[in-house]
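The structure displayed is predicted, hence computed values, not measured ones.
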Amino acid sequence: MKKISILIVIGCLIILAVSCRNDFLDLAPQDQLTEASYFKNPDQFKASTASFYDKMISWKNVDGVNVFGFMDFGSDLSSNVKDRGYAGQGSYGLGSLTLPDNDQFWDNSYKYIRSVNLLLEKARAYEGDKDDIKQYVAESKFFRAWHHFFLLQRFGGVPIDTVVIDLDSPELYGARNSRYEVVDQVLADLNAAIPNLPTEQTIPDADKGRVSKWAAEAFKARVELYEAAWRKYTGTTTDFTGSAGPAKDQVTEFLTDAVAMAKDVMDHGGYELWDYNTGLNNRSNFYLFTIDGTGSNPMGLDKPSNKEFILQSVYDYELRQSAVQITRESWRLTPSRKLMDMYLCTDGLPADKSPLFQGYSDVSKEFENRDYRMISNVLGDESIPAAGAVSLTDGVLYGFGNFKFTSWNFTENSYRPDNTESSNYPQIRLAEVFMIYAEALYELNGSISDADLDISINLIRKRAGVAALTNNLVSANGLDMLTEIRRERALEMYSENNRFNDLKRWGIAETELNQNVCGMVVGDASYPTDFKDAAGVATDKYTPNKYGYGETVVKTADGDLNCLVIMPAASHDFQRKHYLFPLPTQQLLLNPNLVQNTGY
């Protein structure tokens, strides 16, 4: 029997939240039944699994958590370092973690896993035809894998929970499992789930949003690439004291299967990138994340047009609104100087190598001949700003706002009133699968062919209006293929809660996070801008004394230039121990067999 720690065990009877409607969107409970009178037919198993979908972190606040505690707040790509710190993420990149008494992510995850285990226990005892419930058993195993993987990313090795725990269960005082055992359990659950899940094509319209075979394969590829890279670049350096190491070298095994899983989804899933650039002023990457009724974009495209999201948290203006201010909260995720300079020019070259780059002499120049994701994520549906349009006079704004996920309408503020926005949240999408395929293939072989780039990353670059990535482009311009693959991931997955995990699995978080976080290029007498004239004097667009950290010289796409400092490197102290969060002290007190993560 697997070892588990003290969990939240609520009462002796588990009250099941059950919807009396067949509508998959209606996740709120309307009846409550005890387990003794439930799980008697397939419809009851189906209704019970519906509540599992609400536990994936997304827009809606569930058990005190929503996605705004994550995204990329506080990372090297965001100039908003501290603003969104309620979940510990806003200041996480500063290395300012403290030991918490409790951790809502620990508590919630094990609570959700317990609900899954209860359904699986009832499925084993089910007296009807087990083929009638195999899909719901498979969905349950998928979600058990989902929550264990979330715990792994946050804490490393954690107690594995595969049984229903009661107050007198001896497993409450079990020790931690190693990260390697957790990964094996996650993959075992996914391997058991995949054969019994329907394909996207066979899921009825009323059930769209449920886990498909392709979603499980894509998630498995995500897990395998994550763990293979972690073992290759970070290794055992974060393992807790007494943790057993890996039983064998699985890096090649994981990478090989990640490639196979991604390729199967690419070839057979029926998904496609949402590319309507011709009718959307080259802003498909903006409107993709705001689809919410036909009024949410100029072409009147609604959610059925989106065949890119493989697994999504489903919202609806009539049935399930987000109940949060998606636009206003997302806008706070302002891009850093580093992110702005990562965007390529349309010839496929980095801005510092491309003859197409126009410099920073006025604000609009920076956007010319650039990746469409730049205008989508940073400008939204505005036209490129005229010279001098951006003002640096209030000590708050450091450049541009974030427009990814916002439904901003510049005459009405938002397409939907506050707290009613209802765009779906992407948990897994095809663009990520393309990037998993390319990265895993390169890590596996140390190279990638142009043909493989063309069926993966180059499809993303085409939508972004950027020339194809080729081996010749790399060699002719002194580039590094792995760096370019990672660049694509950073740009495409920006603000989708990947950046911290990527930096850690690549083993470079200390290097990338312990730097100055900077904003707008302000220039000087040798490089006049909208903010400083040819005499080096601040213009009426810039009030230097409002910015407490001043300026610093930054290596930009146009050379070493003066930029605003948002958070100085001296304020950062991100260490290897911060790759994992500390276990909550309350759990350590309740279960003395738990070991704290190294360094805390």
Using every non-hydrogen atom in the two residues, find where [X] and [Y] come nearest and quote the distance to one decimal.
| X | Y | result |
| --- | --- | --- |
| I485 | A438 | CD1-O, 4.1 Å |
| R499 | A490 | NH1-CB, 3.6 Å |
| A221 | M261 | CB-CB, 3.9 Å |
| P159 | H148 | O-NE2, 4.2 Å |
| R144 | L120 | NH1-CD1, 3.5 Å |
| L197 | A216 | CD1-CB, 3.6 Å |

For [X] and [Y], which I'm curious about, is there any donor-acceptor pair between the side chains at under 3.5 Å?
| X | Y | answer |
| --- | --- | --- |
| Q185 | D189 | yes |
| D63 | Y112 | yes |
| S96 | S91 | yes |
| Y437 | D452 | yes |
| N591 | R176 | no |
| E484 | Y442 | no |
| S313 | Q427 | yes |
| S75 | D72 | no |
| N498 | R489 | yes |
| Y180 | Q250 | no |
| D161 | N117 | yes |
| E139 | Q135 | yes |
| N196 | K141 | no |

Excluding sequence neighbours, so at least two apart, what forms side-chain contact (heavy atoms from CB on, under 4.5 Å) with [X]?
| X | value |
| --- | --- |
| S243 | S178, D239, F240 |
| L473 | L349, R461, L469, T470, N477 |
| N445 | L441, S447 |
| L119 | F39, F45, S48, T49, F52, S140 |

Out of curiosity, [X] [atom1] to [Y] [atom2], how far, rounded to the nearest 0.5 Å?
| X | Y | atom1 | atom2 | value |
| --- | --- | --- | --- | --- |
| M342 | L77 | CE | CG | 6.0 Å |
| I57 | Y425 | CD1 | OH | 9.0 Å |
| R373 | L491 | CZ | CG | 5.0 Å |
| F149 | L187 | CZ | CG | 9.5 Å |
| N402 | S78 | CG | OG | 8.0 Å |
| E439 | W506 | CD | CH2 | 5.5 Å |

How about Y226 and W230: are their ring centroids closer than 6.0 Å?
yes
Aromatic centroids of F143 and Y53 separated by under 6.0 Å
yes
T552: which residues meet the side-chain hydrogen bond (donor to acceptor under 3.5 Å, both in side chains) condition with it, sequence neighbours left out?
none
Test of understanding: with side-chain hydrogen bond (donor to acceptor under 3.5 Å, both in side chains), list the residues that count as partners of D267, not counting sequence neighbours.
K263
Do the non-hydrogen side-chain atoms of [X] and [Y] ever get within less than 4.5 Å of each other?
| X | Y | answer |
| --- | --- | --- |
| S456 | M435 | no |
| Y110 | H147 | no |
| P582 | Q596 | yes |
| L152 | V158 | no |
| Y233 | R505 | no |
| Y549 | I566 | no |
| W106 | P100 | no |
| E253 | K248 | yes |

T238 and K504: CA distance, side-chain angles, deciding distance, side-chain contact (heavy atoms from CB on, under 4.5 Å) verdict
CA-CA 10 Å; T238 60; K504 292 185 292 187; over 6 Å; no
Run the salt bridge (charged side-chain N to carboxylate O under 4.0 Å, His left out) test against [X] and tell me which residues pass, sequence neighbours left out.
| X | value |
| --- | --- |
| R222 | E432 |
| E512 | K338 |
| R179 | E227 |

Run the salt bridge (Lys or Arg N to Asp or Glu O under 4.0 Å) check on D341 and R337 step by step: do they pass?
CA-CA 6 Å; D341 285 342; R337 175 79 267 141; 3.2 Å; yes
Test side-chain contact (heavy atoms from CB on, under 4.5 Å) on Y494 and L333; report intermediate values, then the result.
CA-CA 10 Å; Y494 163 67; L333 185 68; 3.8 Å; yes
Sorted by chain and residue number, the ring pair (Phe, Tyr, Trp, His ring centres under 6.0 Å) partners of F309 (sequence neighbours excluded) come out as none
Among F105, Y92, Y600, whose ring-ring contact (aromatic ring centres under 6.0 Å, His included) with F581 holds?
Y92
Pairs in or reaching into residues 584-600: which pass salt bridge (Lys or Arg N to Asp or Glu O under 4.0 Å), with residues at least two apart or in two chains?
none
According to the salt bridge (Lys or Arg N to Asp or Glu O under 4.0 Å) rule, which pairs have a member within residues 565-582, sequence neighbours left out?
E510-R576
State whether R154 and D103 are salt-bridged, where the test is any N-O pair (Lys NZ or Arg NE/NH1/NH2 against Asp/Glu carboxylate O) under 4.0 Å.
yes
Please determine whether a side-chain nitrogen of the Lys or Arg among R486 and D502 lies less than 4.0 Å from a carboxylate oxygen of the Asp or Glu.
no
For the backbone of V251 and the side chain of D249, can you confirm whether one donor and one acceptor N or O come within less than 3.5 Å of each other?
yes
Between E492 and R429, is a salt bridge (Lys or Arg N to Asp or Glu O under 4.0 Å) present by the stated rule, with each step listed?
CA-CA 11 Å; E492 183 66 27; R429 60 187 179 95; 2.9 Å; yes
